[in-house]
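Input: a single structure, listed below in structure tokens.
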Amino acid sequence: MVDLESLRCFVAAAQTLNFGRAARSVHLSPSAFSERISRLEESLGVSLFVRSTRQIQLSLAGRVLLPKAEEMLQLAHRFYSTVADEPLHTELYLGTRYELGLSFLLPIVEELSKTHPHWTIHLYFGDAVSLCEALTKAKIDMIFGSMRLSEPSFLLQTTHLEEYRFVAAPSVAKSIQTRADLKKHSLIDISESLPLFRYWT
């Protein structure tokens, strides 16, 4: 039988694609972590990673097994929560932009602290680059934001639909009846980060 700790190590390594960072995230020494991965591969009879001197990548078998491993760990967590006298304490590090965290997430976190007192949610603030780096290094568990993410190892999930409205001067607004009418006007970003362009696309 596959033990849950080895599965936890496999998922950590699959998410970070770095054995050193993954070992730190599950509080094991690099040698103990590598031993668990090797033992798991031996028991399954497959290589879960393609290793090179510079990097590791998930093998085909690893990509197939990853969602199943994540599902098994979630089931195990729910199992222990069911039989425990008190719900298991869950600690989550959530990365986001400062303004989004204060305006949108903080009220949600405060509400969750009342309905789920066994949850501890830490907010980690940063820009898109620093948040992606923190997630890659397993310093945070997830990112909540509206930035575009191109990292192929990240799993993306849309939480809610956002709708935007363009507001124009009355004289301009009267001339816009269809989308085609918008082509006669220019949309100008005053910020180098091009937020209007990103929202529009």
Side-chain angles (χ1 to χ4, degrees), residues 2-30 32-33 36 58 65-165 191 193 195-196 198-199:
V2 175
D3 67 277
L4 293 176
E5 282 304 306
S6 293
L7 280 183
R8 193 163 71 100
C9 291
F10 164 58
V11 169
Q15 290 173 341
T16 61
L17 295 178
N18 182 295
F19 276 15
R21 288 198 293 263
R24 288 193 296 273
S25 74
V26 296
H27 310 292
L28 288 176
S29 68
F33 184 88
R36 281 196 175 273
L58 277 171
L65 291 174
L66 178 59
K68 297 294 183 185
E70 292 172 329
E71 183 180 348
M72 288 177 70
L73 289 175
Q74 290 171 1
L75 285 171
H77 189 274
R78 287 202 293 269
F79 171 79
Y80 285 111
S81 296
T82 301
V83 297
D85 291 335
E86 295 182 7
L88 290 178
H89 181 74
T90 300
E91 205 159 3
L92 184 68
Y93 288 83
L94 179 58
T96 188
R97 294 193 333 271
Y98 183 77
E99 63 275 13
L100 185 60
L102 290 184
S103 64
F104 187 82
L105 286 180
L106 199 54
I108 295 174
V109 169
E110 289 175 349
E111 187 62 32
L112 285 174
S113 68
K114 299 172 188 171
T115 58
H116 296 74
H118 55 289
W119 289 7
T120 301
I121 300 177
H122 305 277
L123 293 181
Y124 179 104
F125 297 118
D127 59 14
V129 174
S130 63
L131 291 174
C132 289
E133 183 180 343
L135 184 60
T136 302
K137 292 182 177 178
K139 291 181 178 178
I140 57 176
D141 299 300
M142 63 179 66
I143 296 172
F144 186 90
S146 58
M147 72 282 279
R148 287 174 177 263
L149 299 174
S150 57
E151 171 57 50
S153 64
F154 290 174
L155 301 176
L156 306 180
Q157 176 66 49
T158 301
T159 58
H160 61 282
L161 180 67
E162 289 187 341
E163 293 186 358
Y164 296 89
R165 300 286 183 266
S191 165
S193 63
L196 293 177
R198 291 206 311 275
Y199 284 129

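Note that these values count all heavy atoms, side chains included, but never hydrogens, waters or copies made by symmetry. Residue indices begin at 1 and follow the sequence shown.
Of the inter-residue distances, the one linking Phe125 atom CZ with Glu99 atom CD reads 9.5 Å to the nearest 0.5 angstrom. Atom-to-atom distance recorded for Lys139:NZ and Leu131:CG is 11.5 Å, nearest 0.5 angstrom. Interatomic distance, OH of Tyr124 versus CG of Leu94, reported as 12.5 Å (0.5 Å rounding). Distance check: Thr90 OG1 to His77 NE2 gives 3.5 Å after rounding to the nearest 0.5 Å. The CG atom of Leu65 lies 11.5 Å from the CD atom of Glu70; values are rounded to the nearest 0.5 Å. The distance from the CG atom of Leu73 to the CD atom of Glu5 is 8.5 Å, given to the nearest 0.5 Å.
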Problem - CA sep, side-chain torsions, deciding dist, call: Asp127, Tyr98, side chain to side chain contact (heavy atoms under 4.5 Å, CB included) - result: CA-CA 8 Å; Asp127 59 14; Tyr98 183 77; over 6 Å; no
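Counting all heavy atoms, side chain and backbone alike, Ala12 lies closest to Ser25 at CB-OG, 3.7 Å. Closest heavy-atom contact between Gly101 and Thr96: CA-CG2, 3.7 Å. Taking both residues in full, the closest heavy atoms of Lys137 and Arg21 are given as CA-CD, 3.2 Å, listed atom of the first, atom of the second, then distance. Of all heavy-atom pairs spanning Val109 and Leu123, the tightest one is CG2-CD2, 4.3 Å. Taking every heavy atom of both residues into account, Ala22 and Phe33 meet most closely at CB-CZ, 3.5 Å. The minimum heavy-atom distance between Ala76 and Leu4, with the atom names listed, is CB-CD1, 3.6 Å.
Between Tyr93 and His122, the ring planes lie parallel to each other; the angle is under 30°, not in the 30° to 60° tilted range. Ring geometry for Phe104 against Phe144 counts as parallel: the plane angle stays under 30°, on a 0 to 90° scale with 60° as the upper cut.
Side-chain contact between Asp3 and Arg36 is present, with at least one heavy-atom pair separated by less than 4.5 Å.
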